[in-house]
Peer 1: 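I am attaching a structure below and will ask some questions about it afterwards.
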Number of protein chains: 2
Amino acid sequence: MNDVQSTCGLDVSLAVIGGKWKPLILYHLQGGPKRFAEVRRLVKGISEKVLIQQLRELMAVGVLIRHDHQQVPPMVDYSLTPFGETLVRALIPLCEWGTLNRQHVASVLLTA
Amino acid sequence: MNDVQSTCGLDVSLAVIGGKWKPLILYHLQGGPKRFAEVRRLVKGISEKVLIQQLRELMAVGVLIRHDHQQVPPMVDYSLTPFGETLVRALIPLCEWGTLNRQHVASVLLTA
DNA sequence: GGTAGTACATACAAAAAAGTAAGTGTGAGA
DNA sequence: TCTCACACTTACTTTTTTGTATGTACTACC
């Protein structure tokens, strides 16, 4: 990381996971394929509409894949691609940072 | 990370660095204190107004500190707090991921 | 026919974030 | 007096993201 300008890939990562929900969606798909409704349950607070949208965008950049089991009622699941797995791996430190500092951040935000 | 619900701190991290610009601002302050105009130069594309706003928010959560040299013309610099340094450390993997996958993501986004 | 389960699609609205333009304050120097 | 450098502030606008409500498609079952 000597030449900050030419090596900082944060703009790329942010292009892929930018927004309120994408990091959380990716994180929850870490544990293997998940049904639509299950993802929605895990990512608390997200609307169906936004979840669909975000899943579609994540698929478009190749980090998620959708598997349709071709049955009725519909049975569809979403999972990380291998590429997506590399991205989630890069998210773990941020997740851990948040866990470690949850209390501190909470107290700061309350006084703001 | 066994209990995904209770240990995932991504919501906390996102509360601190959410938005288009904050990760990039933090990243560029890694190398030591920087003047306002310098930060603006480094974070390409950001408007003065938004930079000020974001700096203020980052200070409010304790990851940045502002030092006014009390002179005219004004001379002010911004730097990471030790707390902020822990956060930037957690951002590095994401930065590296982006660097490694810049070409791949670029080609995907062009075809979308 | 109605109901159920599941994963969507569509239309419109609201909220949040970012952007554009103009202005301010402070001394220092011409 | 005017101009400059620097770091802001304010008012308004535009863009983006998220949210609310309703509807669709497909079978299966009562």
Side-chain angles (χ1 to χ4, degrees), chain A residues 10-29 32-61 63-80 109 112, chain B residues 10-29 32-61 63-80 109 112:
Chain A
L10 263 180
D11 56 315
V12 175
S13 306
L14 293 172
V16 174
I17 64 161
K20 183 172 177 179
W21 299 108
K22 284 177 184 154
L24 290 159
I25 292 168
L26 287 170
Y27 179 84
H28 286 298
L29 282 169
K34 294 214 164 36
R35 305 281 293 283
F36 178 84
E38 196 180 357
V39 180
R40 190 169 175 212
R41 185 179 58 79
L42 290 167
V43 185
K44 291 194 193 298
I46 193 170
S47 68
E48 271 189 1
K49 181 249 188 187
V50 170
L51 178 54
I52 292 156
Q53 201 170 285
Q54 305 289 292
L55 289 169
R56 177 170 296 136
E57 284 169 26
L58 291 168
M59 284 190 285
V61 290
V63 297
L64 278 202
I65 192 163
R66 175 180 181 275
H67 178 217
D68 184 348
H69 291 254
Q70 305 281 359
Q71 68 182 51
V72 170
M75 188 180 205
V76 172
D77 61 47
Y78 295 87
S79 46
L80 295 171
L109 293 180
Chain B
L10 263 181
D11 56 314
V12 175
S13 307
L14 292 172
V16 174
I17 66 162
K20 183 173 176 178
W21 299 109
K22 283 178 184 154
L24 290 159
I25 292 168
L26 286 170
Y27 180 84
H28 285 298
L29 283 170
K34 294 210 165 38
R35 305 280 292 283
F36 179 83
E38 196 181 355
V39 181
R40 189 168 176 214
R41 185 179 60 78
L42 290 167
V43 184
K44 291 194 192 301
I46 193 168
S47 68
E48 271 189 1
K49 180 248 188 186
V50 170
L51 177 55
I52 293 156
Q53 201 168 288
Q54 304 291 288
L55 288 170
R56 180 171 295 137
E57 285 169 25
L58 290 168
M59 285 191 284
V61 291
V63 296
L64 277 202
I65 191 163
R66 177 181 181 274
H67 179 216
D68 183 347
H69 291 252
Q70 305 281 359
Q71 66 182 51
V72 172
M75 190 180 204
V76 172
D77 60 48
Y78 294 87
S79 45
L80 295 171
L109 292 179

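As the structure is a prediction and not an experimental result, all values here were calculated from the model. Chain identifiers are assigned alphabetically (A, B, ...) following the order of the sequence lines, protein sequences preceding nucleic acid strands; residue numbering begins at 1 within each chain.
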Peer 1: Provide, to the nearest angstrom, the distance between the NE2 atom belonging to B:H69 and the P atom belonging to C:dG27.
Peer 2: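 The answer, rounded to whole Å, is 18 Å.
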Peer 1: Send over the distance from B:M75 CE to C:dT26 P, rounded to a whole Å.
Peer 2: 20 Å
Peer 1: May I have the distance from B:D68 (atom CG) to C:dT26 (atom P), rounded to whole angstrom?
Peer 2: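 Rounded to the whole Å, the gap is 13 Å.
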Peer 1: Any side-chain heavy atom of A:L109 within less than 4.5 Å of one from B:V61?
Peer 2: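 Contact flag for A:L109/B:V61 side chains = yes.
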Peer 1: Do other residues, nucleotides or ligands put more than 12 heavy atoms under 6.0 Å from B:I65 CD1?
Peer 2: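 For B:I65, atom CD1 is not crowded (no more than 12 foreign heavy atoms under 6.0 Å).
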Peer 1: Using a 4.5 Å cut-off on heavy atoms from C-beta on, say whether the side chain of A:F36 contacts that of A:I52.
Peer 2: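 Side chain of A:I52 against side chain of A:F36, heavy atoms only: contact under 4.5 Å found.
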Peer 1: Going 5' to 3' through nucleotides 8-19 of chain C, assign each nucleotide B (protein heavy atom under 4.0 Å from a base atom), S (under 4.0 Å only from sugar-phosphate atoms) or - (no protein heavy atom that close).
Peer 2: BSBB------BB
Peer 1: Can you tell me which residue among B:H69, B:K34, B:R35 is in a side chain to side chain donor-acceptor pair (under 3.5 Å) with B:D77?
Peer 2: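 Exactly one candidate clears the test, B:H69.
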Peer 1: Side-chain contact test, heavy atoms from C-beta onward, threshold under 4.5 Å: evaluate it for B:Y78 versus B:I25 and give yes or no.
Peer 2: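 B:Y78 does not reach B:I25 side chain to side chain.
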Peer 1: May I have the distance from A:R40 (atom CZ) to D:dG19 (atom P), rounded to whole angstrom?
Peer 2: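 Whole-Å distance recorded here is 10 Å.
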Peer 1: Just wondering, do B:L64 and B:L29 contact through their side chains at under 4.5 Å, heavy atoms?
Peer 2: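 Yes, at least one pair of side-chain atoms sits under 4.5 Å.
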